[in-house]
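Please read these numbers as outputs of a predicted model, since none were measured by experiment. Numbering starts at 1 and runs along the sequence shown.
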Amino acid sequence: MSTDVYYITAEELAALGKDQVPDELQSSKHLIYSSPATLAFNSPGAQGFGVKRAGLAIPGSVMLLVAPGCCGRNTMMLNELGYAERFFYLLQDETDIVTGRHLNQIPRAVREAVEACEERPTAVMICITCVDALLGTDMERVCRRASEYAGVPVLPCYMYALTREGRVPPMTSVRKTVYQLLEKRPRKKDTVNLLGEFSPFRDSCELYAILKKLGIRKVNEISRCADFEEYQSMSEANFNIVLNPESRLAAEDFKKRLGIPSLEMTRVYQIDKIHRQYELFGAALGVKIDDSAYYEEALSAVQEFSEKYPERSFVVGEWLNADPFELSLALLRYGHQVPEIYGTITNVNFVYIKKIAALSPKTRIYTNLSPTMLNYDCSGCQADVSLGQDAAYYHPDSVNVPWNGEDQPFGYAGLRDLFEEIGSALKAGNL
């Protein structure tokens with residue numbers, strides 16, 4: 001048995017091009033290794049805002065998980081987060097899986113779940129797994145039937161790991177689903193929606209202040225909706241701001257059903273790119289945005305860190321609130337070293353790999369999901385800081401900054417907070 005760990009350098013990968021990414025870096029081309037580094041994000045039903053928790057973003061909703069016991073068991077972890085009263089289970093046995101008889105049981109299970117609630121739920125989300133993906137279940141039809149039987153809206157949530165690399169991955173699908181109950185209302189010029197995450201952006205994010213200066217009085221986020229009526233008020237937005245590419249499908253649906261257009265911005269950590277996004281955002285709205293104060297504040301944080309901790313060595317994982325390749329490029333441009341990156345290659349982030357290759361051609365790129373990572377040995381790489389909990393697994397002696405909290409970073413404030421958090425971690429480690 002080979003003990004080699006697969007990796008490719010940035011310059012080698014850039015030379016191959018985005019259309020010739022090696023099979024070893026594509027999880028659909030080999031067995032998947034669910035290591036302790038990946039268990040929390042490798043499944044669409046895992047920790048954080050996986051499909052199950054994300055599906056409950058609609059205020060007042062409950063979820064019926066239709067799954068074999070092995071798939072439903074890890075849902076119990078969410079009870080610690082206060083979701084115990086919002087989950088119901090319809091467990092499938094072998095006969096259900098072979099015959100599909102559980103489909104006839106779903107409407108009755110939905111009504112039982114509704115009747116078991118102290119307050120009538122606003123919706124029932126049916127979460128289904130790879131079992132029904134393999135069966136080819138028409139869940140839209142099942143949900144319509146259950147809705148008629150139980151007298152409440154019923155929507156499907158697809159926890160299909162098999163479709164993770166398909167046209168509509170699970171987290172893209174659920175980002176559209178949670179807005180399906182919105183009904184068309186007159187639009188208000190001083191109202192916008194932020195689409196992309198299932199937890200709020202940090203209060204310190206300058207985007208809120210910038211929008212206020214533009215005359216926006218109400219900024220809607222599904223995570224901040226206190227009740228179903230406030231959720232429904234998202235239909236009054238003049239436009240949406242898409243802050244995560246996985247919400248593009250939801251934005252298209254907003255436009256088609258509710259007539260609400262969208263603009264898109266991306267979470268990046270290169271300060272010039274943040275500035276350029278605000279320039280383009282202002283141009284789209286026909287205004288000029290003055291972001292100079294936020295720019296200077298973020299730049300000062302980066303410079304202060306780099307002066308105190310020059311040329312630090314970072315290993316960057318993907319279990320964090322960033323694109324690992326864009327963040328790695330930012331760190332290189334700020335004068336630091338990035339010997340290793342653990343991440344998933346996409347057409348979107350390949351552009352960063354080309355630029356990484358120009359600055360640090362020998363940077364090693366690994367995929368967390370490769371079975372060869374069983375043999376990973378960190379002795380050949382010196383790392384001062386690991387970013388992401390997956391990176392910490394590979395470099396247990398490094399100073400770790402998880403950077404995956406539920407309060408979402410964005411823009412200049414996100415960049416500033418990141419470097420302040422890294423600095424605090426290094427100080428605590430006496431490095």
Write down the atom of [X], the atom of [Y], and the distance for their closest heavy-atom approach.
X    : Y    : value
I260 : S235 : CD1-O, 3.6 Å
I58  : I222 : N-CD1, 4.5 Å
Q408 : G405 : NE2-O, 3.7 Å

Examine distances only and state if a side-chain atom of [X] and a backbone atom of [Y] form a donor-acceptor pair shorter than 3.5 Å.
X    : Y    : result
S360 : I356 : no
D390 : E318 : yes
S398 : H395 : yes
N349 : Y352 : no
Q232 : F228 : no
R86  : S61  : yes
S204 : A413 : no
R416 : A298 : no
N244 : S247 : no
E12  : T9   : yes

Can you measure from [atom1] ([X]) to [atom2] ([Y]) and round to the nearest 0.5 angstrom?
X    : Y    : atom1 : atom2 : result
I271 : Q303 : CD1   : CD    : 8.0 Å
K288 : D291 : NZ    : CG    : 8.5 Å
L13  : I8   : CG    : CD1   : 5.0 Å
C127 : M63  : SG    : CE    : 5.0 Å

* Report the C-alpha separation of Y6 and D23 in whole Å, then their side-chain angles, then the decisive distance to 0.1 Å, and conclude whether the side-chain hydrogen bond (donor to acceptor under 3.5 Å, both in side chains) test is met. => CA-CA 11 Å; Y6 181 82; D23 289 352; over 6 Å; no
Evaluate the side-chain proximity of [Y] to [X]: yes if any heavy-atom separation is below 4.5 Å, no if none is.
X    : Y    : value
V287 : L214 : yes
V242 : L263 : no
L155 : L181 : yes
R257 : K184 : no
Q92  : V66  : yes
E140 : P156 : yes
Y158 : M139 : yes
Q382 : P339 : no

* Asked: Is the distance between the ring centroids of H275 and Y294 under 6.0 Å?
  ->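 Centroid separation for H275 and Y294: 6.0 Å or greater.
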* To do: Would you please indicate yes or no on a ring centroid separation below 6.0 angstrom for Y412 and Y278?
  => yes
Decide, yes or no, whether a salt bridge links [X] with [Y] under the criterion of side-chain N to carboxylate O below 4.0 Å.
X    : Y    : answer
D203 : R224 : yes
E236 : K189 : no
R276 : E279 : yes

* ring-ring contact (aromatic ring centres under 6.0 Å, His included) with Y334: which residues, sequence neighbours excluded? -> F419
* Test side chain to side chain contact (heavy atoms under 4.5 Å, CB included) applied to I341 and T363, step by step -> CA-CA 7 Å; I341 306 170; T363 291; 3.8 Å; yes
* Please assess N375 against V5 for the test side chain to side chain contact (heavy atoms under 4.5 Å, CB included), listing each intermediate value before the final yes or no. => CA-CA 6 Å; N375 304 313; V5 179; 3.8 Å; yes
Please identify each residue that fulfils salt bridge (Lys or Arg N to Asp or Glu O under 4.0 Å) with [X], with sequence neighbours left out.
X    : result
E229 : R185
E420 : none
R175 : E197, E246

* Asked: More than 12 heavy atoms of other residues, nucleotides or ligands under 6.0 Å from CZ of F239: is that the case?
  -> yes
* Asked: Within a reach of under 6.0 Å around CZ of R217, are more than 12 heavy atoms found that belong to other residues, nucleotides or ligands?
  ->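 For R217, atom CZ is not crowded (no more than 12 foreign heavy atoms under 6.0 Å).
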* To do: Sequence neighbours left out, what pairs pass salt bridge (Lys or Arg N to Asp or Glu O under 4.0 Å) with at least one residue falling in residues 356-381?
  =>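 Passing the test, one end in residues 356-381: E11-K362.
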* To do: Provide the full list of salt bridge (Lys or Arg N to Asp or Glu O under 4.0 Å) pairs with a residue in residues 343-358, sequence neighbours left out, each pair given once.
  => none
Just by distance, with hydrogens left out, do [X] and [Y] show a side-chain donor and acceptor under 3.5 Å apart?
X    : Y    : answer
S300 : E296 : no
H336 : S313 : no
N321 : N404 : no
E221 : N193 : no
N400 : S386 : yes
S233 : K218 : yes
Y376 : E340 : yes

* Asked: Which pairs pass ring pair (Phe, Tyr, Trp, His ring centres under 6.0 Å) with one or both residues in residues 247-268, sequence neighbours excluded?
  -> Y179-F254
By side chain to side chain donor-acceptor pair (under 3.5 Å), which residues pair with [X], not counting sequence neighbours?
X    : value
Q270 : E326, R333
Q180 : D253
S223 : none

* Check side-chain contact (heavy atoms from CB on, under 4.5 Å) between A322 and all other residues, then give those that pass, not counting sequence neighbours. => Y269, L320, L327
* **T367: side-chain contact (heavy atoms from CB on, under 4.5 Å) partners, not counting sequence neighbours** => L25, L369, S370
* **Worked verdict on V178 versus Y231 for side chain to side chain contact (heavy atoms under 4.5 Å, CB included)** => CA-CA 10 Å; V178 295; Y231 161 81; 5.7 Å; no
* Could you walk me through whether L329 and F325 pass the side chain to side chain contact (heavy atoms under 4.5 Å, CB included) check? -> CA-CA 6 Å; L329 176 58; F325 298 100; over 6 Å; no
